[in-house]
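A quick write-up on the structure given underneath.
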Amino acid sequence: MSSPKPKNGKAANPLHKPWTKTDKAATNKPNRHAERAKPQSARPVKVVQDDESKVYGENACRVLFSQRPDALIRLYISQQMAPKFADVMKYMAGAKKAYHIVDDAELEKVAGSGHHGGVVLLVKRKPQQNLAMYLQQKGRKQDCLLALDGVGNPHNLGAITRSCAHFGVGGIIMKQPELLQSGAALRTAEGGGEFVDGLRCDNLPLALQLCKEAGYTLITTSSHGGTSLYQSQLPAKVVVVFGEEMFGVSKNVAKSADIALQIPGSGKVESLNVSVAASLILGEWYRQQL
């Protein structure tokens, strides 16, 4: 028996998906929460508020949705990526939040980057925590923190955050922790940004002194001196301090260190990228604590 036809003479399509182009009848009934029509490129980009950020890249967006779905405000996605994010679109529609299927030109405009990977989320930023509040939490017999002295490149910050998440580092101490939540940093972190907190401090030497008083050992690196990383016994509670690549940590910060480490190598290059050095030291600390 053939399926009954609606009054307009067209058979219903049981395989219709939310990311496919809508038929003429559907477009006569616009959905004010979810735009499911063909990709558009003329929509103006909305202003981002101070407590919001743009997240782009498949892994970064997917992990954020799994960890903080309530933080989602708006979704922009390409026709090609839409099937992979059908569950996110369903959530957005159910929560009465807008999603837009758009072309690559608009995705680049929204993200402010050509490396959007076909998906951009506008989200509420993670609440910031200051270092003093973090140190007041008792009971940490084993802990590793990073402190960044002048490191600001978003790709380095993202790579560092990714390594921190992999090795169980919960916080990064810096004067501008909001830099960790830039679109480029979060994309490079590949979802790691959801598991690492930026810990605000106004004065890094003072912040490191507070860490020492809380039982942390301060570690710095040097390409010209210090003890080999692989011949050092790393304490259970440490703060590893990194400076920007050109000049390293400042003198005021360096003189407060308890341990200076050198990462041994061939000597054919001056030093390692800061994100690579961070990964090696965090990996060795993690190995020793197992």
Side-chain angles (χ1 to χ4, degrees), residues 129-138 140-153 156-157 159-177 179-180 196-265 267 269-290:
Q129 186 175 182
N130 64 49
L131 176 63
M133 291 174 59
Y134 182 89
L135 295 177
Q136 287 173 4
Q137 300 171 17
K138 306 295 183 182
R140 291 191 181 93
K141 295 182 179 180
Q142 183 184 86
D143 194 27
C144 179
L145 296 173
L146 252 63
L148 300 182
D149 184 14
V151 179
N153 180 284
N156 282 337
L157 292 175
I160 289 170
T161 300
R162 185 176 182 178
S163 294
C164 284
H166 183 76
F167 293 115
V169 175
I172 298 176
I173 304 167
M174 56 191 302
K175 291 182 179 180
Q176 294 179 285
L179 296 178
L180 298 173
V196 182
D197 290 324
L199 304 177
R200 180 178 295 279
C201 73
D202 296 323
N203 183 301
L204 187 55
L206 177 59
L208 295 178
Q209 182 59 38
L210 291 175
C211 290
K212 294 182 74 168
E213 292 172 1
Y216 289 81
T217 298
L218 303 188
I219 296 174
T220 58
T221 61
S222 172
S223 58
H224 304 290
T227 306
S228 167
L229 169 64
Y230 305 114
Q231 295 176 353
S232 300
Q233 184 63 43
L234 302 179
K237 292 180 67 172
V238 298
V239 177
V240 188
V241 187
F242 290 97
E244 57 92 13
E245 290 182 49
M246 185 67 70
F247 302 107
V249 297
S250 63
K251 291 182 179 179
N252 285 339
V253 171
K255 68 182 182 182
S256 66
D258 300 303
I259 300 173
L261 292 178
Q262 182 180 29
I263 300 173
V269 293
E270 175 68 17
S271 62
L272 292 170
N273 173 274
V274 63
S275 66
V276 175
S279 183
L280 290 172
I281 293 177
L282 295 181
E284 179 62 15
W285 176 85
Y286 185 82
R287 184 192 69 81
Q288 291 189 21
Q289 306 311 312
L290 293 177

Taking only distance into account, with no hydrogens and no angle test, what donor-acceptor pairs under 3.5 Å do side-chain atoms of residues 199-208 form with protein atoms, sequence neighbours excluded?
from : atom 1 : to   : atom 2 : distance (Å)
R200 : NE     : Q128 : OE1    : 3.3
R200 : NH1    : K175 : O      : 3.1
R200 : NH2    : Q128 : OE1    : 2.8
R200 : NH2    : E178 : OE1    : 2.8
N203 : OD1    : L206 : N      : 2.9

## Note on the structure
Looking only at heavy atoms, the pair that brings D143 and Y216 closest together is OD2-OH, 2.6 Å
### Task
Using the side-chain contact (heavy atoms from CB on, under 4.5 Å) rule, take I281 and I263 through it: C-alpha gap first, then chi angles, then the decisive distance, then the call.
CA-CA 8 Å; I281 293 177; I263 300 173; 4.1 Å; yes
### Neighbour count >12 (heavy atoms, 6.0 Å) for atom OH, Y286
no
#### Entry: Side-chain heavy-atom pair L229, L234 within 4.5 angstrom cut-off
yes
### Query
Do any N or O atoms from the side chain of E284 and from the backbone of S232 form a donor-acceptor pair under 3.5 angstrom?
no
#### Entry: Reported CG-to-OG1 distance for the pair L261 and T227, which is rounded to 0.5 angstrom
7.0 Å
### Query
Between Y134 and R140, is there a cation-pi geometry (under 6.0 Å to ring centre, at most 45° from the normal)?
yes
### Message
Using a 3.5 Å distance criterion without hydrogens, assess whether the side chain of W285 forms a donor-acceptor pair with backbone atoms of K237.
### Response
no
### Summary
Heavy-atom closest pair (V239 atom, A147 atom, distance to 0.1 Å) is CG1-CB, 3.9 Å
### Message
As an exercise, state the distance from CD of Q136 to CG of L131, rounded to the nearest 0.5 Å.
### Response
10.0 Å
### Query
Rounded to the nearest 0.5 Å, how far apart are CG of D197 and CG of N130?
11.5 Å
### Query
Heavy-atom distance under 4.5 Å between the side chains of L282 and I160, does that happen here?
no
### Summary
Between C164 and L146, the two heavy atoms sitting closest are SG-CD2, 3.8 Å
### Message
Just so I know, are the side chains of L157 and V151 near enough to count as touching, which here means a heavy-atom distance under 4.5 Å?
### Response
yes
## Note on the structure
Scanning both residues in full, the closest heavy-atom pair of S279 with F167 reads O-CE1, 3.7 Å
### Message
How about CD on E213, more than 12 heavy atoms from neighbouring residues, nucleotides or ligands closer than 6.0 Å, or not?
### Response
yes
### Query
Within a strict 4.5 Å, meaning less than it, do heavy atoms of the T221 and S271 side chains meet?
no
### Task
Taking side-chain contact (heavy atoms from CB on, under 4.5 Å) as the test, write out the residues that go with A159, two or more places apart.
T188, S275
### Heavy-atom pair of closest approach, residues L135 and A214
CD2-CB, 4.2 Å
### Message
Less than 4.5 Å apart, side chain to side chain, heavy atoms only: is that true for T161 and I172?
### Response
yes
### Task
Would you check if C211 and I173 make a side-chain contact, meaning some heavy-atom pair closer than 4.5 Å?
yes
### Message
Please give me the minimum heavy-atom distance between F242 and A278, naming the atom from each residue.
### Response
CZ-CA, 3.4 Å
